[in-house]
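Inspection log for the structure reproduced underneath, given as structure tokens.
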Amino acid sequence: MRFSSGSKSRELLVELTPMIDVVFLLIIFFMVTSEFARDVRAEVELPKLPGEQLEENEEAGVVVNIDEHGNIILNVSEEPVTLEQLRKQLQVFFITDTSTEQRVLLRADRRASAGRLNEVVRVLHEIGVPAARMGTEIPGGLQ
Amino acid sequence: MNRRREARARRRSQRLGVNLTSMIDVTFLLLVYFMVSTVMARQEDQLTSSLQTRDSDATGSQVDFQPQIIEVLSIEGTPSYRLAGRVFTDDRSLESVLSELPHEIGVFVRVHPNVPVGFALAAVQSARNAGFAQVTYVPEK
């Protein structure tokens, strides 16, 4: 008895192209989303403290970064802002977006002078922010 | 006869083979990507504190009770904590003293400008560790 080998090979052929397409799309998606996450979080050395260790972290809201030299960074891709610019940008943000309940995360470099942090805190207080969260780095903690 | 059968079987096995090279390539790429991003990302947490300034709010001088105030300042060039006249240079000693104080009225952390941020936030952390729910950050000029 003879079998037609041609039709069998056609049926059993596994097409990998769509899977490769999807995998590449996934890679691109993760790379892009991680870039977005980095855009508001500047490379600063946060104080090595355990923090509040809450099970659920609140939504970050507005992230204000202060680097080692005291530069205030709102977006990594943009230039550092002055105190006056920070005040204006925060006022605009809190007027246009009332859903965030004035949540502010201060990410200050541990080597920076507290004088700069104090100036930012004063600005926040003046525009009516009642409380702020200070970013810390969990000692020895890696995600 | 046997030779013919072997040749046919060899041909069939060649046709049915699935090329997995590209899938393995992609899997390794994914593995490397996740390994790199895992090493780079440091785990972060936060310390919540109320904000007050001395010009606008009562932080000790205008209230009936005597609030607990931690002063974070530089004494002869050394960052130090001062609590009720006692001076500490490390946060652990500060924390042990704070844990013996009443927690109901909260604690104020007055931060002077000439200390590092890390040292100032360690005072907030000590207050939290000592059991204070209400910690207020007061920037000094």
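Note on naming: letters A, B, ... go to the chains in the order of the sequence lines (proteins, then strands), and numbering restarts at 1 for each one.
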Heavy atoms, side chains only, cut-off 4.5 Å: are B/Val109 and B/Val111 in contact?
->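 B/Val109 vs B/Val111: side chains touch.
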
What residue, out of A/Arg110, A/Glu45, A/Glu52, has the most heavy-atom pairs lying under 4.5 Å from chain B?
->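 Going by pairs under 4.5 Å, I would pick A/Glu52.
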
Give the member of A/Leu26, A/Thr136, A/Leu124 that has the highest number of heavy-atom pairs under 4.5 Å with chain B.
->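 Top option by heavy-atom pairs under 4.5 Å: A/Thr136.
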
For the pair B/Asp90 and B/Arg92, find out whether any cationic side-chain nitrogen is under 4.0 Å from an anionic carboxylate oxygen.
->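 Salt bridge flag = no for B/Arg92 with B/Asp90.
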
Electrostatic pair A/Arg122:A/Glu119 at N-O distance under 4.0 angstrom =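 No, no charged N to carboxylate O under 4.0 Å.
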
Tell me, for A/Leu49 versus chain B, whether the close heavy atoms (under 4.5 Å) come from the side chain, the backbone, both or neither.
->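 For A/Leu49, heavy atoms of backbone and side chain both lie under 4.5 Å from chain B.
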
Counting only heavy atoms closer than 4.5 Å, note whether A/Arg107 contacts chain B via side chain, backbone, both or neither.
->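 Contact with chain B: side chain only.
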
Distance flag, aromatic centroids of B/Phe108 and B/Tyr137, threshold under 6.0 Å =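 When the ring centroids of B/Tyr137 and B/Phe108 are compared, they turn out to be at least 6.0 Å apart.
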
